[in-house]
Amino acid sequence: MSKPSDNDNTGAATRTVLAGRRAEWTGTPDHPGAVVNPAVWRASTHLYPDMAALRAHPANRDGNFYYGRRGGPTQWALAEALTELEPGAAGTVLYPSGVAAIAGVLLTVLRPGDVLLMTDNAYEPSRVMGRGLLKDFGIETRWFDPTSMASFEATCCDRTKAVLLESPGSLTMEVQDVPALAAAAKARGIVSILDNTWASSLGFAALKHGADISVMSLTKHVSGHSDCMMGSASAGEDWYRKLRLRAQGLGNVVSPDDASLMLRGLRTMKLRLEAETASALAIAQWVEHRPEVARVLSPMLPGSPGHVLWARDFTGGCGLFSFVLKGGTSAARDALIDALDLFGIGFSWGGFESLATPVDPAAIRTASTWPMTDMEPSDTFGIRLSIGLEDTANLIADLEQALAVWAAHGDHA
Ligand SMILES: *Cc1c(COP(=O)(O)O)cnc(C)c1O
């Protein structure tokens, strides 16, 4: 089987099916490619046939048997598949979680005395890393308004070494002008890192749009089944080498069982994303017209902030969006979420099952305002929905009865 990257005309769906399935990983020496998927190679110890082989071994080279911490065919197949799906990537490093990937990347790129710029809509554990881990290592983090180039420029200084982008932000869904920000960063010698979890490489070609390193929490769309955690960082040759060495030095390794689950999820990811995108868009359009709702936060919604950039740069969406209630109280919002039957209450997304969580950005923002400047100050209580694979009509009916519970809540009387 030739590798999909051998042919640039190969479409994303075909690529998703073929990627990483090297014949030597899916068979035996006598029967290469005999099965569809790589086996789960559980191994800490890798054996050499004799001392000559050990002595001749190109120690620790990529994709060679060496020792369990460097992975085996199951992990290599997943890493290669993710590389095949990220245009412009030379390699992918796997981490035990998305947070571990972000930490691993930042600890590769930054040194004591450096300044990191971080988008103000970043995933909260990324912000915590800036205030904690990085600070403890003598690295300063400064936040900038996600949608303002002027804020980015004003926050830059001569010690700025890297910028962490997240687009759309996974709570409030602002889309960043990644090509413009990455170009401005490059002109100043700043490394741009994108948390691309929302769109995945199927929906946004991060490196092609100028990012130096693309990070994903595979826990979300790639797993797709809420049963496994992992993260990845994909980059061109230079950063890939550095990321790999640092990950190795930090002892990062993922289990072959988990890599196998991720490969299984990956094969259907495109279909799941398309179904969830279509359902989320229909639900967002329904929610938008509800009298209880002040604002829907989704770049997929025509007319919404971020839609122009999303339509320009993205090839897909996903099931994640938020909305803000018209006034009300925290207790009323809790009653709404409790009234939902089909939405689980939980801090994740990207699974086959729908989820709802409260969104309260005000408490964590430092460089931009919440509610957004064009919103009523009393419209502060947000809800984030991760739309899964249930029937859209059932999800809408569930939301309708829960919004009625909200409207009837004592605080509105
Ligand atoms: C979930 C998430 C992460 C972290 O991933 P884990 O696998 O949970 O550690 C990072 N970024 C975004 C945008 C996320 O939603």
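Counting convention: from 1, in listed order, for ligands and their atoms alike. Positions are given from 1 along the sequence.
Without hydrogens or angle criteria, Glu174 side chain to Gly169 main chain gives no donor-acceptor distance under 3.5 Å. At least one donor-acceptor pair under 3.5 Å links the side chain of Thr108 to the backbone N or O of Gly104. Distance alone, capped at 3.5 Å, is enough to place a donor-acceptor pair between the Arg159 side chain and the Gly113 backbone.
Ion pairing of Asp158 with Arg188 is absent here, as no side-chain N (NZ or NE/NH1/NH2) approaches a carboxylate O to less than 4.0 Å. The residues Arg333 and Asp338 are annotated as not salt-bridged, no charged nitrogen and carboxylate oxygen being separated by less than 4.0 angstrom.
What sits closest to atom 8 (O) of ligand 1 on the protein, heavy atoms only, is Met229 CE, 3.5 Å. Among protein heavy atoms, the minimum distance from atom 3 (C) of ligand 1 is reached at Tyr123 CE2, 3.3 Å. Among all non-hydrogen protein atoms, the one lying nearest atom 7 (O) of ligand 1 is Thr219 OG1, 2.6 Å. The shortest contact between atom 6 (P) of ligand 1 and any protein heavy atom is with Gly98 N, 3.3 Å. For atom 14 (C) of ligand 1, the closest non-hydrogen atom on the protein side is Lys220 NZ, 2.9 Å. For atom 5 (O) of ligand 1, the closest non-hydrogen atom of the protein is Ser217 OG, 2.9 Å.
Taking a 4.0 Å cut-off on heavy atoms, Trp349 registers as neighbouring ligand 1.
Of all atoms in ligand 1, listed by their number and element, those nearer than 4.0 Å to a heavy atom of Glu166 are 13 (C). Distances below 4.0 Å separate heavy atoms of Ser170 from the following atoms of ligand 1: 13 (C). Interface atoms of ligand 1 facing Ser97, defined by a heavy-atom separation under 4.0 Å, are 7 (O), 9 (O).
Taking all heavy atoms of Thr197, Leu171, Asp195 into account, the minimum distance to atom 11 (N) of ligand 1 is reached by Asp195.
Partner of Leu301 under the side chain to side chain contact (heavy atoms under 4.5 Å, CB included) criterion, chosen from Met173, Glu288, His307: Glu288.
By the criterion of a heavy-atom distance under 4.0 Å, both the backbone and the side chain of Val99 are placed next to ligand 1.
Cation-pi geometry between Lys208 and Phe314 is not satisfied (NZ or CZ under 6.0 Å from the ring centre, within 45° of the ring normal).
For the residue pair Thr92 / Glu80, no side-chain donor-acceptor distance below 3.5 Å is found, with atom types taken as modelled.
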